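Inspection log for the structure reproduced underneath, given as structure tokens.
As the structure is a computational prediction, the values presented were derived from the model and not from experiment. All ligand and atom numbering here is 1-based and tracks the order in the structure. Atom set for the values below is all heavy atoms of this structure, side chains included, hydrogens, waters and symmetry mates excluded.
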Amino acid sequence: MADSTARRVVIADDPAELARLVAERFLVRIRARTKDGRLAHVALTGGSMGAAVLREVAERPDAGEIDWSLVHFWWGDERYVPADDPERNAGQARAALLDRIEVPAANIHEIAASDSGLGLDEAAEAYAAELGRFGTEEQRWPSFAVCFLGVGPDGHIASLFPDREEINETDRAALAVRDSPKPPPERVTLTRPVINASKRIWLVATGAEKASALGLALAGANYANVPAAGAKGRKRTVFFIDEAAASEVSPDLIDPSY
Ligand SMILES: O=C(O)[C@H](O)[C@@H](O)[C@H](O)[C@H](O)COP(=O)(O)O
């Protein structure tokens with residue numbers, strides 16, 4: 001019996017096809033989770049593929065069949081910039097999907113912007129407290145039904161970058177990030193314990209510039225050096241990638257049946 005928590009690698013021809021594939025599976029997953037009235041907590045990701053998937057979800061007719069009042073939206077990370085800055089992951093997600101579905105405002109848990117009145121550390125602390133509202137004594141954050149993650153060319157996920165201290169945090173749920181190698185420099189990120197409490201982690205990455213990081217992550221690199229290597233959902237961890245990003249992934253890791 002295969003290890004059900006094993007990583008799976010699913011390949012699509014190109015970014016557009018990948019976004020369609022992931023959007024379809026996301027709606028199947030959310031429908032399965034909410035059809036009996038259960039809540040679904042979802043962590044969204046920034047980056048080009050994060051928004052591309054959400055746009056595809058919004059375009060699908062079956063998106064209208066979901067009871068979005070049962071779905072809570074969070075972010076794996078956010079840029080600490082003004083709320084109306086085009087760089088904000090939340091703004092991109094609202095334009096791509098959240099403003100196009102019937103989801104209650106209270107179900108959208110944004111990370112504070114730089115013009116919110118909260119400093120960067122306070123923004124991280126406030127997000128951790130909000131996560132705690134939906135956690136338990138034992139786990140001070142929800143277990144995401146699906147945690148979306150992009151992957152950087154250096155193997156970063158969320159705003160957890162290689163060879164930096166944030167990747168080793170195991171107590172706090174969210175951290176302030178300064179001098180981010182990827183602009184903008186100030187961010188708030190979830191930590192590994194929160195990400196890996198997810199039932200499903202879906203990493204979505206395209207392009208040749210990601211091939212090396214993905215090859216290393218899937219070949220068992222150390223997560224401190226390649227953060228994507230440390231993503232491990234409780235039920236599933238799926239790397240949804242396109243052909244260009246798969247060029248350094250060992251063929252025997254690719255799941256033909258998925
Ligand atoms: O806020 C961010 O920048 C993201 O959360 C970051 O982790 C992103 O997902 C990756 O850098 C991949 O971005 P692309 O898909 O645009 O390459």
What residue and atom, counting heavy atoms only, is the protein's closest point to atom 1 (O) of ligand 1, and at what distance? R79 NE, 2.8 Å
Trace of the salt bridge (charged side-chain N to carboxylate O under 4.0 Å, His left out) decision for R7 with D255: CA-CA 9 Å; R7 287 196 185 109; D255 192 326; over 6 Å; no
Taking both backbone and side-chain atoms of I157, is any N or O found less than 3.5 Å from an N or O belonging to ligand 1? no
Among all the protein's non-hydrogen atoms, which is closest to atom 16 (O) of ligand 1, and how far away is it? S48 N, 2.7 Å
Using a 4.0 Å heavy-atom cut-off, say whether E78 meets ligand 1 through its side chain, its backbone, both or neither. neither
Any idea how W202 and F240 line up, ring-wise: parallel (<30°), tilted (30 to 60°), or perpendicular (>60°)? perpendicular
Which of F73, W141, F144, W74 passes ring pair (Phe, Tyr, Trp, His ring centres under 6.0 Å) with F134? Answer is W74
For residues L160 and V177: do they belong to one hydrophobic cluster (side chain heavy atoms under 4.5 Å, members Ile, Leu, Val, Met, Phe, Trp, Tyr)? no
Under 4.0 Å to a heavy atom of R187 - the qualifying atoms of ligand 1, by number: 1 (O), 2 (C), 3 (O)
Run the side chain to side chain contact (heavy atoms under 4.5 Å, CB included) test on V151 and L149 for me, step by step, so that the C-alpha distance in whole Å, both residues' side-chain angles and the decisive distance to 0.1 Å come before the verdict. CA-CA 6 Å; V151 180; L149 292 172; 5.6 Å; no
Among protein heavy atoms, which lies nearest atom 11 (O) of ligand 1, and at what distance? H156 NE2, 2.6 Å
Would you call R187 and E166 a salt bridge, using N to O less than 4.0 angstrom? no
Heavy-atom nearest neighbour in the protein, as seen from atom 12 (C) of ligand 1, with distance rounded to 0.1 Å: V151 O, 3.6 Å
Which of these, G47, G150, G76, A158, has its nearest heavy atom closest to atom 7 (O) of ligand 1? A158
Ligand 1 atoms in contact with N89 (distance to a heavy atom under 4.0 Å): 1 (O)
Pairs of nitrogen or oxygen atoms closer than 3.5 Å, one from G46 and one from ligand 1: do any exist? yes
Quick one: ring pair (Phe, Tyr, Trp, His ring centres under 6.0 Å) partners of F239, sequence neighbours excluded? none
Minimum-distance pair of heavy atoms, taken over all atoms of P162 and N225: CB-O, 3.2 Å
Just to confirm my output: which protein heavy-atom neighbour is closest to atom 17 (O) of ligand 1, and how far is it? K210 NZ, 2.6 Å
By number and element, which atoms of ligand 1 are closer than 4.0 Å to a non-hydrogen atom of K182? 2 (C), 3 (O), 6 (C), 8 (C), 10 (C), 11 (O), 13 (O)
Taking both backbone and side-chain atoms of S159, is any N or O found less than 3.5 Å from an N or O belonging to ligand 1? no
What is the closest protein heavy atom to atom 5 (O) of ligand 1, and at what distance does it sit? D77 OD1, 2.7 Å
